[in-house]
Amino acid sequence: MAVFGGIEAGGTKFVCAIGAGPEDVEIIEFPTTTPAETVERAAAFFRGRADGLAAIGIGSFGPVDLDPQSPTCGYITDTPKELWRHFDFAGAIRSVTGRPVVFDTDVNAAAFAEHRWGAARGLDTFLYITVGTGIGGGGLANGKPMHGRMHPEMGHVRIPHDLAADPYPGACPYHGDCLEGLACGPAMEARWGVRAENLPEGHQGWALEAHYLALGLVNWICTVSPQRVVLGGGVMRRGVLYPMIRNQAAALIHGYLDPPDIVPPSLGERAGVLGAIALAQSEFR
Ligand code: ZN
């Protein structure tokens, strides 16, 4: 069976893997430092096995250029992480390993893994949403990862914000109170003075969080018509959110359509790096 490499590139850590799927994979992780040093650490991991790797998939933090017609396809673009800005990430991995590289966002990679092995198996149109340090969204539409001009930035949709009920101005450096600005983990911490994972069960913060996430979900459900929504990320580890979000989303849709299932991911922390392997497989099977 062919073996693939995978890289889940995050702003604070890199996760690299060699394998063929969840039952057969070797994973390492290390901190994200400079591009040269970080790429070298990844290359060192792949080097011994590089001849045996059919391809390497990368799921990267962004924004990234995914346009195959663009001269900077495979680059990280205007990231706040200055050292990585305008870095030819796919090209660097291709040149140090000599293997074909498939490049996509971290969110689309995780969506791919859930499609191949997890909670979105057998579906051709679904959303994968992650709620943590930020809010990201991706998925497949008609069997293909969502790209378009760049890639979806679902966390930055604008939603109603009742300033009398919630005077917190929002955490997004670009928009203030976009969905990410109101509902990411750091926004919860700034609003309530305690990290989301330490907010007690029954605290009003959870109902407000479910309200904002349901507003975002209803917009995406009406736009994309997904067969299912896979909703994960650090904030969603508080399972009480799922029934609250389902109820609020159904109330907002108000009988107009039958809402799709809203479910947790089934691959957990490994979804990103397994997704990078799935990306590589999808192109080279
Ligand atoms: Zn924003």
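Note that ligands are numbered from 1 as they come in the structure, with each ligand's atoms numbered from 1 the same way.
Within 6.0 Å of atom NZ in K81, more than 12 heavy atoms from other residues, nucleotides or ligands are found, so the atom counts as buried in its surroundings.
Salt-bridge annotation for E40 and R47: present, with a side-chain N of the basic residue lying under 4.0 Å from a carboxylate O of the acidic one.
For H175, the N, O or S atom with the smallest separation from the Zn ion (ligand 1) is ND1. Here the N, O or S atom of H156 that is nearest to the Zn ion (ligand 1) is ND1.
For the atom pair CD (Q227) and CG (L123), the distance works out to 5.0 Å, reported to the nearest 0.5 Å.
Rounding to 10°, one obtains 110° for the angle at the Zn ion (ligand 1) between SG (C172) and SG (C178).
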Inset, instruction - Might you work through the salt bridge (charged side-chain N to carboxylate O under 4.0 Å, His left out) test for R191 and D166, ending with a clear yes or no? - result: CA-CA 9 Å; R191 184 186 289 110; D166 173 26; 2.9 Å; yes
